[in-house]
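When reading the values below, keep in mind they use all heavy atoms of this one structure, side chains included, and skip hydrogens, waters and symmetry mates.
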Amino acid sequence: LVIGTSARSRSIPWPVLMPEVCAGRIVQEMVLNEVALVFGREDRGLSNEELQLCNYHVQIPANPDYSSLNLGAAVMVLCYEIYKASIAAGATQAAVPGEEGQAGDHLLEADWDQELATAEQLEGFLVHMERVLIRLNFHDPDNPRKLMARLRRLYGRIRPDKMEINILRGILSATEQAVDKAGKS
C-alpha cells in the first residue's frame with residue numbers, strides 16, 4: 001500500500017483519504033503488507049508522476065488560503081494519527097477478536113488466497129500494458145490523453161494480487177504473440 005501526501009487537487013481525481021482514515025488503513029494493512037507513506041520535498045511536494053505511483057493520496061485539512069504544511073508538520077500530524085489508530089486498533093482487537101473492518105475497507109491478505117502484488121509487480125504490468133496498447137494503436141505516447149494515468153489509478157485502487165497480475169501479464173503476452181503472428185501472415 002502506497003499513500004502519497006498532497007495539498008492540491010490534481011487534473012485526474014485520485015482516491016483521497018482524510019488523515020484519520022489514512023491512519024486506520026495503514027494500521028490495518030501493516031500487519032500483513034508493506035506500507036509506504038510518501039512525503040514530498042519541502043519546496044514543491046510530490047510531482048504528478050510520483051503521486052500516480054500511489055494507491056491513495058492523503059490531504060491534511062488546512063487553511064484554504066495556505067493549504068500546504070511544511071514537511072515536519074505534515075509528518076507529525078500523520079504520525080500522530082497513526083499512533084492514535086494503532087492504540088484504537090489494539091483496544092478493538094482485544095475487545096472483539098476476529099471482528100471485520102469497516103464497510104469499504106480492503107480485504108486483508110489473510111482473507112485472500114494470494115498475496116497482494118508488490119508495487120514493482122504492478123509497475124511491471126503497467127509498463128507491459130502500455131507497450132501492448134501502443135502496438136495495438138490504442139495508445140499514442142505522443143498524445144497520451146491521460147490514458148496511462150487513468151489505468152494506473154484503476155489498478156492502484158483495486159490492488160490486484162500476484163496471481164491476478166500474472167494472469168493479466170499472460171493475457172498481454174498472448175496479445176503480443178497474436179499481433180506478431182498476424183503481422184507475419
Side-chain angles (χ1 to χ4, degrees), residues 1-89 101-109 112 115-130 133 139 141 144-162 164-165 168:
L1 176 66
V2 181
I3 301 172
T5 57
S6 179
R8 300 180 317 220
S9 296
R10 306 297 166 150
S11 61
I12 296 178
W14 220 262
V16 177
L17 304 174
M18 293 296 290
E20 302 83 14
V21 175
C22 173
R25 182 141 313 164
I26 287 171
V27 168
Q28 181 184 26
E29 287 247 0
M30 70 184 198
V31 174
L32 297 168
N33 298 306
E34 291 185 3
V35 177
L37 184 56
V38 184
F39 294 88
R41 289 160 287 292
E42 182 80 42
D43 60 339
R44 62 188 180 279
L46 293 170
S47 69
N48 288 338
E49 293 77 24
E50 291 165 331
L51 282 166
Q52 288 179 9
L53 295 173
C54 301
N55 301 105
Y56 296 96
H57 298 169
V58 59
Q59 289 183 341
I60 299 169
N63 181 341
D65 294 333
Y66 189 75
S67 60
S68 181
L69 300 177
N70 76 24
L71 181 60
V75 170
M76 180 187 66
V77 167
L78 291 175
C79 286
Y80 178 66
E81 290 297 339
I82 293 168
Y83 174 72
K84 288 189 335 184
S86 67
I87 291 171
Q102 295 178 0
D105 284 350
H106 288 289
L107 293 173
L108 289 178
E109 189 176 308
W112 209 247
E115 292 179 29
L116 294 176
T118 65
E120 292 82 10
Q121 290 166 330
L122 182 58
E123 185 62 25
F125 162 69
L126 290 166
V127 167
H128 191 177
M129 176 183 269
E130 183 172 25
L133 293 175
H139 172 54
R145 301 175 56 125
K146 300 182 183 176
L147 173 67
M148 293 310 300
R150 289 185 180 278
L151 289 171
R152 182 178 300 284
R153 177 180 66 180
L154 168 68
Y155 286 102
R157 185 175 65 240
I158 63 173
R159 300 187 57 219
D161 66 33
K162 290 181 179 190
E164 292 165 338
I165 287 292
L168 291 169

Could you pull out all residues at least two apart from [X] that satisfy side-chain contact (heavy atoms from CB on, under 4.5 Å)?
X: L53; answer: E123, R152
X: M76; answer: none
X: V27; answer: I82, A85, S86, A89
X: P144; answer: H139

Q.
What I'd like to find out is whether the side chain of L46 reaches to under 4.5 Å of the side chain of S6, using heavy atoms alone.
A.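 With C-beta onward as the side chain, the pair stays apart.
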
Where [X] and [Y] come nearest, the two heavy atoms and their spacing:
X: C22; Y: V58; result: CB-CG2, 3.8 Å
X: N55; Y: G156; result: ND2-O, 2.7 Å
X: L69; Y: A73; result: CB-CB, 4.3 Å
X: A149; Y: Q52; result: CB-NE2, 3.4 Å
X: A117; Y: I165; result: CB-CG1, 3.5 Å
X: N33; Y: L116; result: ND2-CD1, 3.7 Å

(Q) Checking E130 now: which residues fulfil salt bridge (Lys or Arg N to Asp or Glu O under 4.0 Å) with it, not counting sequence neighbours? (A)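 Result, salt bridge (Lys or Arg N to Asp or Glu O under 4.0 Å) vs E130: none returned.
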
Q) What residues, two or more places apart in sequence or in another chain, satisfy salt bridge (Lys or Arg N to Asp or Glu O under 4.0 Å) together with K146? A)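 Result, salt bridge (Lys or Arg N to Asp or Glu O under 4.0 Å) vs K146: none returned.
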
Rounded distance (nearest 0.5 Å) linking atom [atom1] of [X] with atom [atom2] of [Y]:
X: I158; Y: R153; atom1: CD1; atom2: CZ; value: 12.5 Å
X: Q121; Y: L126; atom1: CD; atom2: CG; value: 12.0 Å
X: M129; Y: L168; atom1: CE; atom2: CG; value: 6.5 Å
X: L17; Y: I3; atom1: CG; atom2: CD1; value: 5.5 Å
X: T5; Y: L37; atom1: OG1; atom2: CG; value: 6.5 Å
X: F125; Y: E120; atom1: CZ; atom2: CD; value: 16.0 Å

Q | Sequence-distant partners of R41, side-chain hydrogen bond (donor to acceptor under 3.5 Å, both in side chains), two or more places apart | A |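 Per chain and number, R41 pairs via side-chain hydrogen bond (donor to acceptor under 3.5 Å, both in side chains) with E50.
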
Q: Could I get the full list of side-chain hydrogen bond (donor to acceptor under 3.5 Å, both in side chains) partners for E34, not counting sequence neighbours?
A: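 Residues passing side-chain hydrogen bond (donor to acceptor under 3.5 Å, both in side chains) with E34: none at all.
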
**Q.** Any pair counted as ring-ring contact (aromatic ring centres under 6.0 Å, His included), so long as it reaches residues 13-36, sequence neighbours left out
**A.**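 Residue pairs with at least one partner in residues 13-36: W14-H57.
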
Q) Which pairs count as salt bridge (charged side-chain N to carboxylate O under 4.0 Å, His left out) when at least one residue sits in residues 65-84, sequence neighbours excluded? A)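 Those involving residues 65-84 are E81-K84.
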
